[in-house]
Every structure is written in C-alpha cells, then in structure tokens.
Amino acid sequence: MRLTRRRLAGAISWAVVPARGQGIGPSPALGRLAEARGLLFGFAIRAGRLLSDADYAAFVVRQADILVPENACKWESLHPQPDRYDFGRLDQVADFAAGHGLRLRGHNFCWHRALPDWVERITGPAAVRAVLEAHIATVAGRYAGRMHSWDVVNEPIQPTDGLPGGLRDTFWYRSLGPGYIDLAFAAARRADPKALLCINDYGLENDDGGGPARREAMLSLLRGMLARGVPVGGVGLQSHLRAGGADRFGPGLARFIGELAGLGLRVLITELDVDDSRLDGSDDEIDREVAGVYRRYLDLVLGTGAIEAVTSWGVWDNRHYTGATPPDGPPARRALVFGPEGEIKPASRAVAAALAAAPPAVHLQAGSVTTGASPR
Ligand code: G3I
C-alpha cells in the first residue's frame, strides 16, 4: 500500500498523537480501519467549517476516507435563483477532498425539501422537466469524474401518502409523475458516466413499524428501475437511529441488505447518527447507551459483508435535531461518533471496534449474504 502523506499522518495519529480534547489513548483513525476491511468511513461535513476551521479540517482528513457535504449540494445552496448557480463553496470542498485523497459523495438532486421557492413556482411538466434536467446536467457535469457517488433521488418513499408504489407525494411527483425518478437518473448518468448513482432513504433500517412497508416499496421501485435499464447502482440507508428503548433494527434489516445486494446494488450507510434526546442521565451514561446502539447496528449491517461505506451525519457532537429526533422535544446532544471538539468517546471506540470486527466487504451475488451477527 503506497504510504501517502495522509496515510502517514493517519498512521502517526494512530500510533502517537492522542485525539484532541480528552486525549485518551490513540485516536482511532476510523478511515484506516475501514480501508483495511475494504470499506470507506467518513462524515457529512459543514462546508463553511471545513474551509475555515483548521482543527476540524485536520480531524476530518485524519479520520475519514469519504465526505458528503451536509447541505452544500442542495438546490437552495447551489441554485438559489433561476439564472444563478453558486458553486464557490462546493468547488472548494471538491478541491479539499481531491487534495487530501478523500472520496466525495453528492447529496442530492431530487428531494421534497431544501428547494428554493422559485423552483416550486414552476408549472407544467415540460418546464419542470427542463429545469430538473438542466440542474442535474450543470451540477453533475461540473464535478464529473470527481464524485464517488450521488444521491440522485432522496427519500422518494412514503407509503402513508397513499400513492401507487408507496411513493412520496412531492413537487417532483406532482409535476412529472413517478417518472421523475427515471428522468433524474438518466440526466445524472448523461452528465457523469462514472459516479455511482444512488437512491437514499430513511426508515428502511426498522424491522418494526413502517420499516417493512418501506422496504417493500423500495424493492419494488428498484426492481422496476433495473428492469427499465435505469442506471441506479446503489442504495443509501440513512440510518438515523435512536437510543432509549429496544433497537428497531434486527435480522430483517440484514435480509433486506441481502436482497439489495442480490439485485446487484451497492449498499451504503449514508447518514448514521444516534438520537439521544430521549435519554436522561450523565454524559457518561448517555455516551454508553449511544455507543451500544452504534456497535449493535454496525455489527449487524457490516456483518452482511455487503456494505461499501459508512458516513456519519456530522463530525463532532453538537445540539441538533437528527433525522430521528422528535421535533417537539429537545435536540440531540451527543448523537455523533466524536465529542464536541473531536474527543474520543465510547461511540468512537464502538465504531472502531465494529469496523475492526467486520468481515471483508465484498460486492455480493444473490443469496450469499450472511444475515447473522458479524463473526467474532
Ligand atoms: O445556512 C443558513 C443560514 O445562513 C441561515 O441563517 C439559517 C437560518 O435560516 O439557515 C441556514 O441553513 C440551514 C442549513 O441546515 C444549515 O444549517 C437551513 O435553514 C436548514 O434547513 C438546513 O437543515 C438541513 C436539513 O437537512 C434540510 O436541508 C440540516 O442541516 C441537515 O442535517 C438535514 O439533513 C437531512 C438530509 O439532507 C436528508 N436526510 C435527513 C437529514 C436530517 O434531517
């Protein structure tokens, strides 16, 4: 393995330099652990902080293999006016990633949120299609060859909306029908012949509640897309988990991942975090519960051997509403893998242990996915 500058830095950090903050033991360079198992580990990053906070940036380089801008690729950031794109920050993030040998995920082209008002004021399928295809051609084309993957369509499934196939009632669906999904993927593939094109969604992790219906709708959507020759290559499981109460994920999730792999699709854990807003107790008690969820979840999904990448939805703990935090309650406080200044905490060690224990990641054929816990 070529000892690049980043890997050398990573090795040193692993061997000698304790992590920022607590400095307890060597910093677990999670990206290095992941690489050793044929995996990628990384973070959703805040572009502004990455480009202005040298400590944050150095930490990201040390720990990650892959980045995804949390918001910088969304319409409201990139395309705020009909005739204006603002590529400044994303160009810098792309240069940063390339300069440090980090892969880059794009998120996203079609979503029901983060749309500027001007988009939803467009009427008529022809006009909406033209704007969508032009946006994707412009953005995906600008970064063609530099992207590991794109979340082309985000959160298309919502069975409770009552639409055929369990699709979500969104501006894109209302304007273009279910065909908006195929249109978006075709436009993305025309603009970037190489990037892995993904559908990304939440709730697919859950064996209970709405999880089975979401999985059934997703599998039906994907089978139809593949039958039509739509260039979907991957599925992102957002994985916004919660601590407190029984785990909602279980063997059904491993089977679902196996079904996705059996369709020849690559599977990524794309927005991993563990909402702690339901927990009381000291930081230590909260950290232990959160770490337990990280470990059990990653043991389960990595144990299938079919996961390609794990990205945590944030770098350092901060008070925020995760995808699993009840909006009418308090924010999550310690939901991420590292502390507020990158301190190693139990979740850091739990993720490191799960990565170290994971079987080598392989792109599996049908039926060969293990559905049990990861081997000890
Ligand atoms: O940057 C502006 C700031 O200038 C302004 O003062 C402030 C108040 O209006 O807003 C700031 O932008 C906010 C942005 O986060 C950055 O903080 C947006 O309003 C806010 O809507 C945006 O929220 C993001 C949300 O997606 C909607 O795009 C969250 O950070 C982000 O974590 C969340 O991520 C989503 C994934 O994209 C999809 N899966 C679920 C996940 C969690 O909700």
Side-chain angles (χ1 to χ4, degrees), residues 42-53 56 60 66-81 84 86-90 92-93 104-120 135 139 147 149-158 168 170-172 181 184 198-206 210-211 214 218 234-242 248 267-277 297 309-338 340:
F43 305 107
I45 53 93
R46 287 283 169 98
R49 189 164 187 184
L50 186 79
L51 301 171
S52 63
D53 181 335
Y56 178 92
V60 166
I66 189 167
L67 306 180
V68 54
E70 187 172 356
N71 296 300
C73 298
K74 294 172 181 173
W75 278 72
E76 63 185 0
S77 301
L78 276 186
H79 199 172
Q81 298 299 330
R84 180 162 73 87
D86 183 358
F87 287 117
R89 268 190 176 173
L90 188 53
Q92 294 180 77
V93 170
L104 190 59
R105 299 204 73 238
H107 169 85
N108 54 66
F109 289 133
C110 275
W111 192 26
H112 58 283
R113 293 175 61 189
L115 285 176
D117 293 342
W118 69 266
V119 172
E120 299 199 63
H135 177 86
V139 177
M147 303 301 290
S149 51
W150 276 104
D151 290 336
V152 176
V153 173
N154 191 48
E155 302 175 9
I157 300 293
Q158 186 58 293
R168 183 185 293 273
T170 72
F171 164 76
W172 302 113
I181 297 173
C198 300
I199 280 191
N200 187 52
D201 217 324
Y202 67 86
L204 298 165
E205 310 82 27
N206 301 329
R214 300 182 74 85
M218 179 60 80
V235 179
L237 307 180
Q238 289 187 7
S239 307
H240 293 293
L241 312 176
R242 64 166 198 202
R248 301 189 64 188
V267 186
L268 298 84
I269 305 299
T270 51
E271 304 185 12
L272 183 60
D273 50 27
V274 177
D275 171 60
D276 63 352
S277 66
Y297 186 76
V310 176
T311 39
S312 168
W313 203 245
V315 182
W316 292 350
D317 275 337
N318 61 87
R319 288 176 182 275
H320 70 290
Y321 286 83
T322 77
T325 308
D328 56 352
R333 292 194 304 116
R334 301 175 69 84
L336 297 175
V337 177
F338 291 95

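Computed over heavy atoms, backbone and side chain alike; hydrogens, waters and symmetry mates excluded. For ligands, and for the atoms within them, numbers begin at 1 and follow the listed sequence. Numbers here simply count residues along the sequence, with the first being 1. All values derive from a computational prediction rather than experimental measurement.
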Contact summary for Pro69 and Leu90, nearest pair of heavy atoms: CG-CD1, 3.9 Å
Test applied, side chain to side chain donor-acceptor pair (under 3.5 Å); reference residue, Thr270; option that passes from Thr311, Asn154, Asp151, Asn200: Asn200
Trace of the ring-ring contact (aromatic ring centres under 6.0 Å, His included) decision for Trp313 with His107: CA-CA 12 Å; Trp313 203 245; His107 169 85; 5.3 Å; yes
Heavy-atom nearest neighbour of atom 30 (O) of ligand 1 within options Asp273, Asn71, Asn108, Thr325: Asn71
Cation over ring face, Arg214 and Tyr202, 6.0 Å, 45°: yes
Any donor-acceptor N or O pair under 3.5 Å, side chains Asn71, Glu76: no
Protein contact of atom 28 (O) of ligand 1 - nearest heavy atom, named by residue and atom, plus distance: Lys74 NZ, 2.9 Å
Within reach of ligand 1, part of Asn154 (heavy-atom separation under 4.0 Å): side chain
Ligand 1 atoms in contact with Gln238 (distance to a heavy atom under 4.0 Å): 39 (N), 40 (C)
Heavy-atom nearest neighbour in the protein, as seen from atom 36 (C) of ligand 1, with distance rounded to 0.1 Å: His107 NE2, 3.4 Å
Main-chain N/O of Cys73 paired to Ser77 side chain as donor or acceptor, under 3.5 Å: no
Atom 7 (C) of ligand 1 touched by protein (heavy atom, under 4.0 Å): no
Whether Tyr202 lies under 4.0 Å from ligand 1, heavy atom: no
Test of ring centre spacing under 6.0 Å for His135 and Trp75: yes
4.0 Å heavy-atom contact, His240 with ligand 1: yes
Protein non-hydrogen atom found under 4.0 Å from atom 11 (C) of ligand 1: no
No-hydrogen, no-angle side-chain donor-acceptor test under 3.5 Å, Gln238 and Glu155: yes
Whether Trp313 lies under 4.0 Å from ligand 1, heavy atom: yes
Residue portion contacting ligand 1 (non-hydrogen atoms closer than 4.0 Å) for Tyr321: neither
Verify atom 1 (O) of ligand 1: protein non-hydrogen atom under 4.0 angstrom away: no
Structural part of Arg46 in contact with ligand 1, heavy atom criterion under 4.0 angstrom: side chain
Between Trp118 and His79, ring centroids under 6.0 Å: yes
pair Cys198-Ser149: side-chain heavy atoms closer than 4.5 Å: yes
Sub-4.0 Å protein heavy atom near atom 33 (C) of ligand 1: yes
Any Ile45 side-chain heavy atom under 4.5 Å of Tyr56 side chain: yes
Residue and atom name of the nearest protein heavy atom (relative to atom 20 (C) of ligand 1), distance in Å to one decimal: Glu76 OE2, 4.6 Å
Distance flag for atom 40 (C) of ligand 1, protein heavy atom under 4.0 Å: yes
Protein heavy atom under 4.0 Å of atom 24 (C) of ligand 1: yes
Sub-4.0 Å protein heavy atom next to atom 16 (C) of ligand 1: yes
Sidechain-backbone polar pair: Asp273 side chain, Leu336 backbone, donor-acceptor under 3.5 Å: no
Distance filter under 4.0 Å to Glu155 heavy atoms, resulting ligand 1 atoms: 38 (C), 39 (N), 40 (C)
The one among Glu271, Glu70, Arg113 that brings a heavy atom closest to atom 43 (O) of ligand 1: Arg113
